Amino acid sequence: MSSILVTGALGQIGSELVPALRASFGNDRVIATDLRVVPSSAAAAEAPYDHLDCTEPQQLHEAVRRYDIGAIYHLAALLSASAEAAPQLAWCVNMGGLYNVLEVARAYGCKVFFPSSIGAFGPSTPKDATPQDTIQRPTTIYGVTKVAGEMLCDYYASRFKVDTRGLRLPGLVSYVAAPGGGTTDYAAEMFVHAVRYGRYTCFLKAGTRLDMMYMPDALAAMIQVMEADARRLRYRNAYNVTAMSVTPAEIAEAIRQHIPDFVIDYEVDPVRQAIADSWPRSLDDSAARDDWGWAPKYDLEAMTKDMLTRLQERLAAARSR
Ligand code: NAD
Ligand code: AKB
């Protein structure tokens, strides 16, 4: 049985995707890799971890050969705000890395998961119930790399029969690893600050509506689309998926149901606000529901309850050490 390679495995998604994959497929069959040399999570320390720079094709070829890789979850990338601060590096990592992954997949017959984003849409995209097939003219370098990445996945699927699968993920909320330089980071940060300090200063305006998803649903979606029957997949670029469409004010109100004294104020960052304003308010994910049975489990209320419980447990454990 071949193994699974995860690039960018020490980030917000990889820190939870790797343990989830290991729980399903076995510790030794999931190879976590990242640009960072020292594994920071306990999960990475217990099972195979390798340093891998996805912009170096030779390193990918060596890893795929050494570990007999059959599937690659390609997570390594710069997120929207980090990419806007370093557009040239973002192109190199996001596009160069994906190209190298697709080439190695072509050579060795690997399946590839590519995480696209709501950032693949732009101001001329319909903002509400954004369709699966629609205008994609993003105004950020992050979005440019996500649209080009989606098209490259389509091309490798049709031209070289590489088994590519992808999702247009919304902002992800989680508590294991901090988000890494995105526009939707405020959502996860708000929960952490609510538990630690009882207050949060948000960098987006109170009414900024964006799609969000709790990490357990995102992990399920990634594994489910990779395991789906290939004959049922109409899209090889990326499927729209969402779980909720919410504003900072609405998340704050949900937190207040559990922490009544929670205070939120706003200090708007014009760069991240402009990015958020260019993205959809809500996605139509019916193609994912029809083709491979996508159905999220967490709405805002369920996510808020679980996030706060988990964060309070972690804080109590840290204080008792
Ligand atoms: P993250 O920033 O938390 O983690 C990315 C990881 O990639 C980091 O650990 C970093 O060290 C690593 N990395 C950077 N350059 C690399 C290189 N050259 N080679 C190997 N590793 C490198 O990001 P994340 O939130 O885990 O996101 C993973 C993927 O999912 C990205 O493609 C992102 O665009 C996409 N995505 C994330 C979200 C979200 O809300 N987290 C939403 C939509 C899409
Ligand atoms: C970001 O804000 O950059 C990411 C994303 C939605 O792609 N969280």
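Atoms within a ligand are numbered from 1 in the order they appear, just like the ligands themselves. Just so you know, these numbers use all the heavy atoms, side chains as well, and skip hydrogens, waters and symmetry mates. All values reported here derive from a predicted model rather than from experimental measurement. Counting begins at 1 with the first residue of the sequence.
Under the ring pair (Phe, Tyr, Trp, His ring centres under 6.0 Å) criterion, Tyr266 pairs with no residue at all, not counting sequence neighbours.
In terms of protein heavy atoms, atom 41 (N) of ligand 1 is closest to Gln12 OE1, 2.9 Å. In this structure, atom 36 (N) of ligand 1 lies nearest to the protein heavy atom Tyr142 OH, 3.8 Å. Protein heavy atom at the shortest distance from atom 42 (C) of ligand 1 is Pro170 O, 3.2 Å. In this structure, atom 4 (O) of ligand 1 lies nearest to the protein heavy atom Gly11 CA, 3.2 Å. At the top of the distance list for atom 8 (N) of ligand 2, counting protein heavy atoms only, stands Thr184 OG1, 2.8 Å. Among protein heavy atoms, the minimum distance from atom 19 (N) of ligand 1 is reached at Cys54 N, 3.0 Å. Closest to atom 23 (O) of ligand 1 among all protein heavy atoms lies Leu79 CD1, 3.2 Å. Ranking protein heavy atoms by distance to atom 35 (C) of ligand 1, first place goes to Pro115 CB, 3.8 Å. For atom 44 (C) of ligand 1, the closest non-hydrogen atom on the protein side is Ser116 O, 3.3 Å. Protein heavy atom at the shortest distance from atom 2 (O) of ligand 2 is Thr183 N, 2.7 Å.
Close contacts of ligand 1 with Leu10, meaning ligand atoms under 4.0 Å from a residue heavy atom, involve 9 (O). Residue contact check: Ser117 has heavy atoms under 4.0 Å from atoms 5 (C), 6 (C), 7 (O) of ligand 2. Residue Arg36 approaches ligand 1 through these ligand atoms, each under 4.0 Å from one of its heavy atoms: 8 (C), 9 (O), 11 (O). Close approach of ligand 1 to Leu52 is summarised as follows: ligand atoms under 4.0 Å from at least one heavy atom of the residue are 19 (N), 20 (C). Heavy-atom contacts of Ile118 reach the following atoms of ligand 2: 6 (C) (cutoff under 4.0 Å). Using a 4.0 Å cut-off to heavy atoms of Ser80, the atoms of ligand 2 that qualify are 1 (C), 2 (O), 3 (O).
The pair Asp50-Arg66 meets the salt-bridge criterion, with a side-chain N (NZ, NE, NH1 or NH2) lying under 4.0 Å from an Asp/Glu carboxylate O. We find that Glu150 and Arg236 are not joined by a salt bridge, their nearest charged nitrogen and carboxylate oxygen being 4.0 Å or further apart. Under the 4.0 Å criterion applied to side-chain N and carboxylate O atoms, Asp128 and Arg281 are assigned as salt-bridge partners. Using a 4.0 Å cut-off between a side-chain N of Lys or Arg and a carboxylate O of Asp or Glu, Arg272 and Glu84 do not qualify as a salt bridge.
The shortest heavy-atom distance from Glu56 to ligand 1 is not under 4.0 Å. Under a 4.0 angstrom heavy-atom cut-off, Ala9 registers as lying outside contact with ligand 1. Distances from ligand 1 to the non-hydrogen atoms of Phe114 include no value under 4.0 Å.
When all heavy atoms are compared, the tightest approach of Met226 to Lys111 is O-NZ, 2.6 Å.
At under 3.5 Å, a nitrogen or oxygen of Tyr142, whether backbone or side chain, sits near a nitrogen or oxygen of ligand 2. Taking any N or O of Leu172, backbone or side chain, at least one lies under 3.5 Å from an N or O belonging to ligand 1. Looking at ligand 1, you'll find an N or O of Asp53 within less than 3.5 Å of one of its N or O atoms. Ligand 1 has no N or O atom lying under 3.5 Å from any N or O atom of Ser117, backbone or side chain.
In this comparison of Gly180, Ala77, Ser15, the heavy atom closest to atom 5 (C) of ligand 1 sits on Ala77. Compare Asp34, Ile13, Leu35 by their heavy atoms: the one nearest to atom 8 (C) of ligand 1 is in Asp34. For atom 28 (C) of ligand 1, the choice among Asn94, Asn100, Leu75 with the nearest heavy atom turns out to be Leu75.
Contacts between Ala177 and ligand 1, counted as non-hydrogen atom pairs separated by less than 4.0 Å, are absent for every part of the residue. With a 4.0 Å cut-off on non-hydrogen atoms, Tyr186 does not touch ligand 2 at all. Contact annotation: for Lys146 versus ligand 1, heavy atoms closer than 4.0 Å belong to the side chain alone. When heavy-atom distances to ligand 2 are checked against a 4.0 Å cut-off, Asp185 has no atom that comes that close, whether in backbone or side chain.
Asp217 contributes atom CG, which lies 11.0 Å from atom CG of Leu169 (distance to the nearest 0.5 angstrom). Here SG of Cys110 is found 4.5 Å from CD1 of Ile72. Values are rounded to the nearest 0.5 Å. Atom-to-atom distance recorded for Thr7:OG1 and Leu60:CG is 7.5 Å, nearest 0.5 angstrom. One finds the CG atom of Leu79 at 7.0 Å from the CG atom of Asp185 (value rounded to the nearest 0.5 Å).
At distances below 3.5 Å, not a single donor-acceptor pair connects side-chain atoms of Arg168 with backbone N or O atoms of Asp285.
For the pair Arg256 and Phe262, the cation-pi criterion (under 6.0 Å, within 45° of the ring axis) is not fulfilled. Cation-pi geometry between Arg310 and Tyr175 is not met: the NZ or CZ atom fails to fall both under 6.0 Å from the ring centre and inside 45° of the normal.
In this structure, His61 has its ring center closer than 6.0 angstrom to the ring center of Tyr108.
Between Tyr73 and Phe113, the ring-plane angle classifies as tilted under the 30° and 60° cut-offs. Between Trp292 and Tyr239, the ring planes lie perpendicular to each other; the angle is over 60°, past the 30° to 60° tilted range.
Each of Thr164, Asn240, Asp133 was checked for a side chain to side chain donor-acceptor pair (under 3.5 Å) with Tyr235, and the lone residue meeting it is Asp133.
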